[in-house]
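Lettering of chains follows the sequences in order, A, B, ..., and the numbering in each one begins at 1.
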There are 2 protein chains.
Amino acid sequence: MSLTHALLGLLAVRPSSGYELTRSFEGDLGRYAWQAGHTSIYPELTKLAERGLVEVAHEGARGSRTYAITTEGRAELREWLMAPPRGGRVRNEQVLRMFLISALDPKDALVLLRGIAGHTGERAGELRAIRVETDDVPFTSPEGFGLLAAEYGIRQYDAVHSWALWAIERLEKELDRSRT
Amino acid sequence: MSLTHALLGLLAVRPSSGYELTRSFEGDLGRYAWQAGHTSIYPELTKLAERGLVEVAHEGARGSRTYAITTEGRAELREWLMAPPRGGRVRNEQVLRMFLISALDPKDALVLLRGIAGHTGERAGELRAIRVETDDVPFTSPEGFGLLAAEYGIRQYDAVHSWALWAIERLEKELDRSRT
DNA sequence: ACTCGACATGTCACTATTGACACGTCACGG
DNA sequence: CCGTGACGTGTCAATAGTGACATGTCGAGT
């Protein structure tokens, strides 16, 4: 299961409580890579602890438990990451919508495509605007994660934006032709 | 559930049997947008038929049933597609791996990033090579789906390729600095 | 003293999905 | 005639994941 490795990865970067991990999934991680709610995170942490891949490093206020990755956990994570790129699971509702546009009539399709182009263009711009100069932040640090995600997000929105523009042009040409 | 709409979308483009739908999910659809095996497709088709969104249009050899979308099904699909872009579900194991690179030590990270850069560069090239001139194929046709997917794929691989190159450069700079 | 919102963890029923197994058909080549 | 591989549909147990519900703590502001 990927949730297993997502948690190991987050804990490898920085020891965290279940609550903090849940927060992580609400950010770029959940937006681009993998979603999970606290109801799956807490049980998974328990399982990981039983398998010796993580351990409770600290118990704090309000019954909070801070988990840390163990040496075995790190080994397991590394093995998973370095493994040959198999065809991993993919589920993306937005992309599904994009592909299914071909099932709409051209007029509806154009409306949708324009919406997508507008939205992704905006988002890409926003992300660029908040991209700060971070030459001194190393990847292999708690902040590195955010850097990687931010740069990925920009490219992602650009890609979809460019795709939508291409599709709009194609579709308009098509409509022109059918009018004559 | 998105599987519902994926099936409606495919059937809106062209009536198909469960077997043919299963094949569809093995192509670009499953690669970029949404996965499903025949064990979830057949029961879902039954449910859709019960709800009146699809119907059996034809029974062929080997007990095959060709399903077609109904008017109600088309309405349901259109509603789903045109709805305001909510934050749909996202699960992508490859992207998860990419983000978790920050949990590796820099040397391993470089190896992985170079692998990703190489692989995505190759794939983008392959896709470009097989991109045929298809000026006369309209989107809103069975072939339209493949067109949309192919163009998306190219941009997708380019985006990840560019991301990996950026990450490699950053990481190398980092390593240089720490050496001095 | 009280209230509110963030912090923090948990259960449980239900739904979705996967993987293993199972079964039968049709066309083609040897 | 036989084998093989693609075609074609299905069940079932197990696992994964979601949403509703439940419970309590702590700090800050009023």
Please indicate whether A/E169 has more than 12 foreign heavy atoms, meaning atoms of other residues, nucleotides or ligands, lying under 6.0 Å from its CD.
-> no

Could you state the atom-to-atom distance from CG of A/L48 to P of D/dA16 in whole Å?
-> 12 Å

Sidechain-backbone polar pair: A/T66 side chain, A/S16 backbone, donor-acceptor under 3.5 Å = no

Salt bridge [X]-[Y], side-chain N to carboxylate O under 4.0 Å:
{"X": "B/D105", "Y": "A/R74", "result": "no"}
{"X": "B/R31", "Y": "B/D28", "result": "yes"}
{"X": "B/R177", "Y": "B/E174", "result": "no"}
{"X": "B/R23", "Y": "B/E26", "result": "yes"}

So, does the side chain of B/H38 form a donor-acceptor pair with the base of D/dG8 at under 3.5 Å?
-> no

Heteroatom pairs (N/O) under 3.5 angstrom, protein to nucleotides 5-8 of chain C:
unit_1, atom_1, unit_2, atom_2, d
C/dC7, OP2, A/Y19, OH, 2.8
C/dC7, O5', A/Y19, OH, 3.4

Which class fits the ring pair B/W80 and B/H5: parallel under 30°, tilted 30 to 60°, perpendicular over 60°?
-> parallel

Could I get the full list of side-chain contact (heavy atoms from CB on, under 4.5 Å) partners for A/A117, not counting sequence neighbours?
-> A/H161, A/A164, A/L165, A/I168

Nucleotides 1-4 of chain D: which of its N/O atoms have a protein N/O under 3.5 Å away?
none

